[in-house]
Amino acid sequence: MTTTSEQVAGSRARQASHHVSQSVFDGSRLRVVLLVDVNDGAQQEFLEAYEQLCNQVASVPGHVSDQLCQSIENPSQWLITSEWESAPPFLAWVNSEEHVRMVEPLHSCVRDTRSLRFHVVRETGGPATDADRADRRLQTAPRIGDGVIRHALTFTVKPGSEEIVAKILADYESPEPKVDDTTRLCRTSLFMHGNRVVRAVEVRGDLLAALRHVARQPEVRAVEEAINPHLEQDRDLNDPESARVFFTRAALPAVHHVTAGEQNPRAERYALYYPARPERGMRLAELLARRDEAAADDPRSPVLRSTIFQRDDVVVRLIDVRGRLQDADPGLLLGLSDTAQVAELTTLLEDAAGMDAPVAKDGGLDRLLERARMDLVTDRRSPDA
């Protein structure tokens, strides 16, 4: 029988795979760093807002500790660091409506914020007991990335406006890909599934700088204004607070990325949408990540690269595929290799009617793939990406 400790060790060994350049699922501790630029004269107001927030965060599952620091050189610069048992509980909290409401008092006294998230790889200090080490898990090995940061936004439009919105989003003029000497916008892929829109971006350099660069471009601003009347969530791009709340809720972070190793410039890009049952989104994303990792070593798999994005109950899997989608095994495309995995997936999907394990042999996976597949609106990459 496999013990719990052996399962954890096996999971962590899988996460050290050379194929995986990004993952939140290895169980190691998370360090979150928030850089804050406070408005002149608002330091006391900021401190009081932080203390209120701190008391609320202390009761969030997975939270371990936090620190608030003020610059010794510039009183307007502050640093908040927090430690979490692992990444999933932090992401569940930071992407929740509770978090949106909780941090609202901070925004009246700050000019700018920037959040950075890190798994802990090494640490120094006094001697620790075995129990301490078990509770303070470290990332087992450094990951080797490809220099690309992946991020996505998702939002819904009013039913009936899908064709209008798709045309607006497809017809825009691509912004200048060069942001500065170190940052470049590499690729933008835009998909729709019913009235849900997903825009995935790939950036080399500073993601925040790239997103701000794109938002300032006149052609992009014109597109955003054109789709405003069709959005289900109202927003006013001329109101910084309205825009901030909209894009906070729209953020769809990448939680796992795996590359099979083969470089194929002719690979076709597809997106699959997996709506999860309430509070099961992170578990569903972890299941898909585990399967993608195993598939990276499977020569039968047509999937060359896979990125999983997740927020709340929205899970999207962006895949680059060798050959045509319709010619591939639907189970391999979906990241499923046996009926047990199909059964586990269907327990997590919001609407899996008719997709239970027994029908996997008579077209059930074909129907599931067809239902998950998103419609491509546009896929653009910079010439030298």
Side-chain angles (χ1 to χ4, degrees), residues 20-25 30 32-35 87-88 90-92 94-96 99-100 112-119 143 145-156 169 172 174-175 177-180 182-193 196-217 220 223-224 243-259 269-274 281-282 285 288-289 292 305-312 314-320 374 376-382 385:
V20 178
S21 61
Q22 180 180 358
S23 183
V24 305
F25 298 119
L30 183 74
V32 180
V33 177
L34 183 65
L35 306 174
F90 166 77
L91 292 174
V94 80
N95 292 328
S96 68
H99 176 262
V100 173
D112 194 19
T113 62
R114 180 173 183 177
S115 179
L116 304 170
R117 295 94 183 258
F118 303 87
H119 274 151
R143 294 194 181 89
D146 56 5
V148 175
I149 303 171
R150 296 166 175 88
H151 188 69
L153 297 171
T154 186
F155 51 86
T156 55
L169 294 173
Y172 81 100
S174 297
K178 182 178 179 181
V179 178
D180 53 39
T182 60
T183 300
R184 189 172 191 85
L185 184 66
C186 300
R187 189 169 185 175
T188 300
S189 307
L190 210 150
F191 296 86
M192 292 185 69
H193 189 284
R196 178 168 295 280
V197 178
V198 172
R199 178 191 292 140
V201 297
E202 295 178 357
V203 172
R204 288 190 182 275
D206 187 330
L207 174 64
L208 187 57
L211 295 178
R212 287 174 172 171
H213 163 79
V214 170
R216 289 194 296 264
Q217 304 309 303
V220 174
V223 168
E224 297 292 345
R244 183 194 66 78
V245 170
F246 178 87
F247 287 111
T248 295
R249 288 181 171 139
L252 189 64
V255 295
H256 193 86
H257 176 75
V258 61
T259 301
R269 172 157 289 190
Y270 300 94
L272 303 176
Y273 173 47
Y274 303 77
M282 184 68 73
L288 296 173
D292 274 343
R305 284 173 296 278
S306 174
T307 307
I308 298 169
F309 301 90
Q310 183 264 334
R311 179 189 181 92
D312 296 332
V314 176
V315 180
V316 173
R317 187 163 157 262
L318 195 67
I319 55 175
D320 291 346
M374 303 189 76
L376 175 66
V377 177
T378 183
D379 182 27
R380 306 184 186 190
R381 66 172 84 194
S382 60

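Just so it is clear, the values below take in all heavy atoms, side chains as well, and ignore hydrogens, waters and symmetry mates. Here the structure is a predicted model, which is why all the values come from computation and not from measurement.
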From [X] [atom1] over to [Y] [atom2], what is the distance, rounded to the nearest 0.5 angstrom?
X      : Y      : atom1 : atom2 : answer
Ser306 : Leu288 : OG    : CG    : 8.0 Å
Arg199 : Ser189 : CZ    : OG    : 11.5 Å
Leu30  : Phe118 : CG    : CZ    : 9.5 Å
Glu202 : Thr307 : CD    : OG1   : 6.5 Å

Looking only at atom types and distance, does a side-chain atom of [X] sit under 3.5 Å from a main-chain N or O of [Y], one as donor and one as acceptor?
X      : Y      : result
His99  : Val94  : yes
Thr183 : Val179 : no
Arg311 : Arg249 : yes
Asp180 : Thr182 : yes
Gln310 : Asp312 : yes
Gln22  : Ala254 : yes

Check: Does the side chain to side chain donor-acceptor pair (under 3.5 Å) test come out yes or no for Arg305 and Thr259, once each step is laid out?
Finding: CA-CA 4 Å; Arg305 284 173 296 278; Thr259 301; 5.5 Å; no

Checklist line | Minimum-distance pair of heavy atoms, taken over all atoms of Leu169 and Thr378 | finding: O-CG2, 4.1 Å

Check: What pair of heavy atoms forms the shortest contact from Cys186 to Arg204, and how long is it?
Finding: SG-CG, 3.4 Å

Next item on the list: In sequence, state the C-alpha distance, the side-chain angles, and the governing distance for Leu91 and Arg117, and then conclude on side chain to side chain contact (heavy atoms under 4.5 Å, CB included).
Entry: CA-CA 10 Å; Leu91 292 174; Arg117 295 94 183 258; 3.9 Å; yes

Margin query: For Arg216 and Glu224: C-alpha separation, side-chain torsions, deciding distance, then whether salt bridge (charged side-chain N to carboxylate O under 4.0 Å, His left out) applies.
Written below: CA-CA 11 Å; Arg216 289 194 296 264; Glu224 297 292 345; over 6 Å; no

Can you confirm whether [X] sits close enough to [Y] that some side-chain heavy atom of one is under 4.5 Å from a side-chain heavy atom of the other?
X      : Y      : value
Pro175 : Leu185 : yes
His193 : Val316 : no
Tyr273 : Val198 : no
His257 : Ile308 : no
Phe309 : Leu318 : yes
Val314 : Arg196 : yes

Check: When you look at Met282 and Phe25, which way does the side chain to side chain contact (heavy atoms under 4.5 Å, CB included) test go after all the steps?
Finding: CA-CA 10 Å; Met282 184 68 73; Phe25 298 119; 3.4 Å; yes

Notebook entry, point to check: Between Asp112 and Arg212, is the closest basic N to carboxylate O distance under 4.0 Å?
Noted result: yes

Notebook entry, point to check: In chain order, what residues pass the salt bridge (Lys or Arg N to Asp or Glu O under 4.0 Å) check against Asp206, with sequence neighbours excluded?
Noted result: Arg114

Checklist line | Partners passing side chain to side chain donor-acceptor pair (under 3.5 Å) against Ser174 (at least two apart in sequence or in another chain) | finding: Arg380

